[in-house]
Number of protein chains: 2
Amino acid sequence: MFDEIDIHILEILQEKARIPNAEVARQVGMAPSAVLERIRKLEERGIIEGYEVRLNPACFHQGLSAFVQVETDGTDAQIASALAAITSVQEVHQVVGPDGFLVKLRTADHTTLARILQQIRPLPGVKSIRTQVVLDTVKETRRVDLTEHNGNSRHS
Amino acid sequence: MFDEIDIHILEILQEKARIPNAEVARQVGMAPSAVLERIRKLEERGIIEGYEVRLNPACFHQGLSAFVQVETDGTDAQIASALAAITSVQEVHQVVGPDGFLVKLRTADHTTLARILQQIRPLPGVKSIRTQVVLDTVKETRRVDLTEHNGNSRHS
DNA sequence: ATACAATATGAATAAAATTCGTATTTAAAG
DNA sequence: CTTTAAATACGAATTTTATTCATATTGTAT
């Protein structure tokens with residue numbers, strides 16, 4: 001799927017995604033055109049899904065995080081998409097075990113949170129909800145560990 | 001803090017973070033140098049925290065997500081950093097209520113997950129853990145809603 | 001070994017980033 | 001409602017980067 005050079009490129013991009021191609025090429029010791037071609041293919045294959053800007057949520061009145069355990073009657077796509085449609089909802093995960101979803105929210109304050117919760121409760125199929133408000137986020141990353149992939153070669 | 005033009009720029013960047021500056025300038029109808037200056041200041045002020053590449057976790061043997069409710073004896077920074085130090089741990093949130101943390105994990109499979117859990121259980125201060133394995137992730141975004149900020153002007 | 005496909009190179013060109021002097025706008029103070 | 005100072009925008013010039021493509025090299029299967 002990908003070799004050590006690809007991993008190296010991905011490591012550089014994970015560190016700082018807006019780094020110029022030419023700089024990546026310098027760091028991996030290859031021609032810029034070759035690196036460009038590799039990145040293109042990583043994008044084509046869906047290994048690179050995209051590039052994101054990380055904004056400071058506190059600057060946009062989104063300082064409060066919460067997790068909501070939503071117990072449901074079955075696990076319809078209906079409920080899932082109703083939850084996903086709420087703007088404050090950042091994540092919706094269907095979990096194993098008793099039917100339900102784990103929802104991650106982001107709101108300005110407790111008042112807004114309460115409003116969103118009142119919005120979730122009456123959704124058809126929702127049996128109960130349990131809310132956990134986040135006091136402090138110690139770690140929050142999406143970085144993928146690439147260290148274990150150094151040995152992979154490019155087999156079809 | 002920021003005006004409508006900043007919001008417009010941030011919306012464009014949230015859509016596609018690796019878009020060239022010159023293209024952003026075209027879309028907002030300003031000179032590239034002016035847009036560059038604005039983006040710089042957004043970065044300086046910590047409004048833009050950084051740029052990330054989004055990788056497909058499944059391509060790196062990280063296809064399994066799980067949430068772990070860690071009940072603890074108090075909420076030491078000790079426990080938090082011990083949890084955060086584990087590579088598979090993507091998020092550590094201290095939650096309101098009974099002392100504890102909500103931890104988000106990413107592993108290759110159930111076997112690896114079990115191993116990580118056995119690693120968490122004996123940490124000093126950990127009373128009990130409850131694990132929720134993710135079957136399906138319906139939504140997962142970090143996008144900040146900027147639509148409400150159109151009226152903001154630039155006051156100190 | 002041979003041939004085919006994939007990848008790398010390097011030069012050339014187009015595009016973008018960056019800098020900076022000047023002009024314009026904005027906001028505060030008088 | 002001016003005046004003034006600071007912030008921002010502009011646009012030309014320059015440097016750097018992106019992109020393309022013909023050629024060379026490498027890797028792989030037969």
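Per chain, numbering begins at 1; letters A, B, ... match sequence-line order.
In this structure, A:His8 places its NE2 atom 17 Å from C1' of C:dA8, rounding to the nearest Å. Atom CD1 in B:Ile39 sits about 11 Å away from atom C1' in C:dA17, given to the nearest Å. Spacing between atom CD of B:Glu37 and atom C1' of D:dA6 amounts to 13 Å, rounded to whole angstrom units. The interatomic distance linking B:Ile5 (CD1) with D:dA7 (P) rounds to 17 Å, in whole Å.
Taking the side-chain hydrogen bond (donor to acceptor under 3.5 Å, both in side chains) definition, one finds that B:Asp73 meets it with nothing, sequence neighbours left out. In this structure, the side-chain hydrogen bond (donor to acceptor under 3.5 Å, both in side chains) partners of B:Asp109, at least two apart in sequence or on a different chain, are B:Thr112. Scanning for salt bridge (Lys or Arg N to Asp or Glu O under 4.0 Å) contacts around B:Lys16 gives an empty result, with sequence neighbours left out. Evaluation of the salt bridge (Lys or Arg N to Asp or Glu O under 4.0 Å) rule for A:Lys127 yields no partner, not counting sequence neighbours. Listed by chain and number, the residues in a side-chain hydrogen bond (donor to acceptor under 3.5 Å, both in side chains) with B:Arg143 are B:Glu15 (sequence neighbours excluded). Contacts of B:Ala82 classified as side chain to side chain contact (heavy atoms under 4.5 Å, CB included), with partners at least two apart in sequence or in another chain: B:Leu123.
Recorded end-axis angle for the helix from C:dA1-D:dT30 to C:dG30-D:dC1 stands at 40°, based on five pairs per end and rounded to 10 degrees.
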Expected list for residues 46-54 of chain A: side-chain donor-acceptor pairs under 3.5 angstrom, two or more places apart:
residue	atom	partner	partner atom	Å
A:Glu49	OE1	B:Arg54	NH1	3.4
A:Tyr51	OH	A:Glu43	OE2	2.7
A:Glu52	OE2	B:Arg54	NE	2.6
A:Arg54	NE	B:Glu52	OE2	2.6
A:Arg54	NH1	B:Glu49	OE1	3.4

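Near-neighbour residues of DNA chain D inside residues 43-51 of chain B, defined by a heavy atom below 4.0 Å, are absent.
A side-chain donor-acceptor contact under 3.5 Å links A:Arg18 to the backbone of B:Ala17.
Screening residues 75-100 of chain A for ring-ring contact (aromatic ring centres under 6.0 Å, His included) gives A:His93-B:Phe67 as the qualifying pairs, with residues at least two apart or on separate chains. Residue pairs meeting the side-chain hydrogen bond (donor to acceptor under 3.5 Å, both in side chains) criterion with at least one member in residues 20-30 of chain A, sequence neighbours excluded, are A:Glu23-A:Arg26, A:Glu23-A:Gln27.
A 4.5 Å side-chain heavy-atom check between B:Val96 and A:Gln132 finds every atom pair outside the cut-off.
Between A:Arg38 and C:dA8 there is a side-chain polar atom (N or O) within less than 4.0 angstrom of OP1 or OP2. The phosphate of D:dA7 has neither OP1 nor OP2 within less than 4.0 Å of any side-chain N or O from B:Lys41.
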Letter per nucleotide, 5' to 3', of nucleotides 10-23 of chain D [B base touched, S only sugar-phosphate touched, - untouched; heavy atoms, 4.0 Å]: BB-----SSSBB--
